[in-house]
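To start, the structure itself, in structure tokens.
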Amino acid sequence: MSPWKELIEYKNLSKLGFHETLTGGQCFGWNTTSDNSWIGSFSTKVVELRFENRTIFWRTSLTYPATSEEILEYLWVEKSYDDAINELPWRSDSVLAECIEALPGLRILKQSIDETLFYFLLSSAKSIPQIQAIGKLVFQKYGKKLFENIYSFPGWDRLAQIPERELRMLKLGYRAKYVAQTARFIASRQNWLESIMELKYADAKKQLLRLPGVGEKVADCTLLFGGNFLEAFPIDTWIEKSMEKRYNLNGWNTAQKLHFASMHFGKFAGLAQQFLFSAERLKVFKD
DNA sequence: TGTCGACCTGTGAA
DNA sequence: ATTCACAGGTCGA
């Protein structure tokens, strides 16, 4: 590992918000190394981050290094994040205001779409630690070793060569079929997944829904966390409860809730979603 | 269009 | 020890 360096001093960031960003279920490749540090990888670059006195420090692997610019981009530490927060309707929405106040600096990471799709194909009826665990088994067996205990995403072309039964042995359960079939779909269409990012949100979502194992929720997670579509608003069980309880949307169906989210939260609805999700999960509200 | 059970497996509470 | 519900869902009837 390289020596520690200062990445940025960042006053609108809390340890909780940062921790939740890295381990709260939008990504699955980070592990805590101490009370205030985390190690993980993105795009085959290995990085350790530390949060201290409102400052982020970083160091990187010597064989798979990242630059500070790449880390800042991955973490969405840019003015556009502050602008996005500013555009959310927290001034007139006390629920959202409370979430943002409780989790300063919570953000959407800029992950790669292929790896993000893979993880969320595994996500149904699994807890966050389990998604992380079974994902890691696949990385370990078919990916490249980047660092002690850190392996790379094997890629869809590689996954397409693996029989479903072999994936089942890695504890994927019925998700093995989703991964195997999706891998074959993607591998047989050159540049199909990457080209989705050039589309408009609605069209990109429509394309992803063609994949086996990808329903509305997984499609939105993939687009929000892996495609930088910040208007995507994944509705999972937590958000479902949040919208019914906090916004009195009992009896509304999914399409109606999505419409509400789009109207009320606007083009950064996905960021709002992350605040609502984490606040609900971490029990920020007294109920 | 809306509802319901099956689908794998692990974990934690009763 | 054994059961049972539930876990950031999707699919097909």
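With salt bridges taken as basic N to acidic carboxylate O contacts below 4.0 Å, one links A:Lys45 and A:Glu70. The pair A:Glu20-A:Lys15 does not meet the salt-bridge criterion, since no charged nitrogen lies less than 4.0 angstrom from a carboxylate oxygen.
For A:Gln130 against C:dG8, no side-chain N or O and base N or O form a donor-acceptor pair under 3.5 Å. Residue-to-nucleotide contacts include a donor-acceptor pair under 3.5 Å from the side chain of A:Lys126 to the base of B:dT9.
Using a 4.5 Å heavy-atom threshold, the side chains of A:Ser242 and A:Leu276 count as touching. A heavy-atom distance below 4.5 Å is not found between the side chains of A:Thr44 and A:Phe153.
When heavy atoms are screened at a 4.0 angstrom cut-off, A:Leu211 is found touching the sugar-phosphate backbone but no base atom. Within the 4.0 angstrom heavy-atom criterion, no nucleotide atom of any strand lies near A:Glu240. Within 4.0 Å of A:Phe120, counting heavy atoms only, lies no atom of the nucleic acid at all. At the heavy-atom level, A:Glu216 lies under 4.0 Å from the strands shown only through sugar-phosphate atoms. Using a 4.0 Å heavy-atom cutoff across all strands shown, A:Gly25 reaches at least one base atom of the nucleic acid. A:Lys171 comes within 4.0 angstrom of sugar-phosphate atoms only, judged by non-hydrogen atoms across all strands, and of no base.
Rounded to whole Å, atom P of B:dC8 lies 8 Å from atom CD of A:Glu164. As rounded to whole Å, 10 Å separates atom P of B:dG10 from atom CZ of A:Arg175. Separating the OH atom of A:Tyr119 from the P atom of C:dA7 is a distance of 22 Å, rounded to the nearest angstrom. Between A:Leu121 atom CG and C:dG9 atom P there is a gap of 13 Å when expressed in whole angstrom units. In this structure, A:Gln132 places its CD atom 17 Å from P of B:dG10, rounding to the nearest Å. Separating the CG atom of A:Asp220 from the P atom of C:dG9 is a distance of 13 Å, rounded to the nearest angstrom. What separates CD of A:Glu280 from P of C:dA7 is a distance of 13 Å, to the nearest Å. If you measure from atom CE of A:Met169 to atom C1' of B:dC8, you get 15 Å, rounded to the nearest angstrom.
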Under 3.5 Å, which protein N or O atoms sit close to an N or O of nucleotides 2-7 of chain B? Give each pair with its distance.
{"residue": "B:dG2", "atom": "OP1", "partner": "A:Asn253", "partner atom": "ND2", "Å": "2.6"}

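Relative to the ring axis of A:Trp58, A:Arg50 does not place its NZ or CZ within 45° and under 6.0 Å from the centre.
With 3.5 Å as the limit, one finds no donor-acceptor pair spanning the side chains of A:Asn86 and A:Tyr81.
With both pairing distances under 3.5 Å, C:dT3 is matched to B:dA13 as a Watson-Crick or G-U wobble pair.
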Steps toward salt bridge (Lys or Arg N to Asp or Glu O under 4.0 Å) verdict (A:Glu231, A:Lys267) = CA-CA 5 Å; A:Glu231 68 265 58; A:Lys267 61 181 175 181; over 6 Å; no

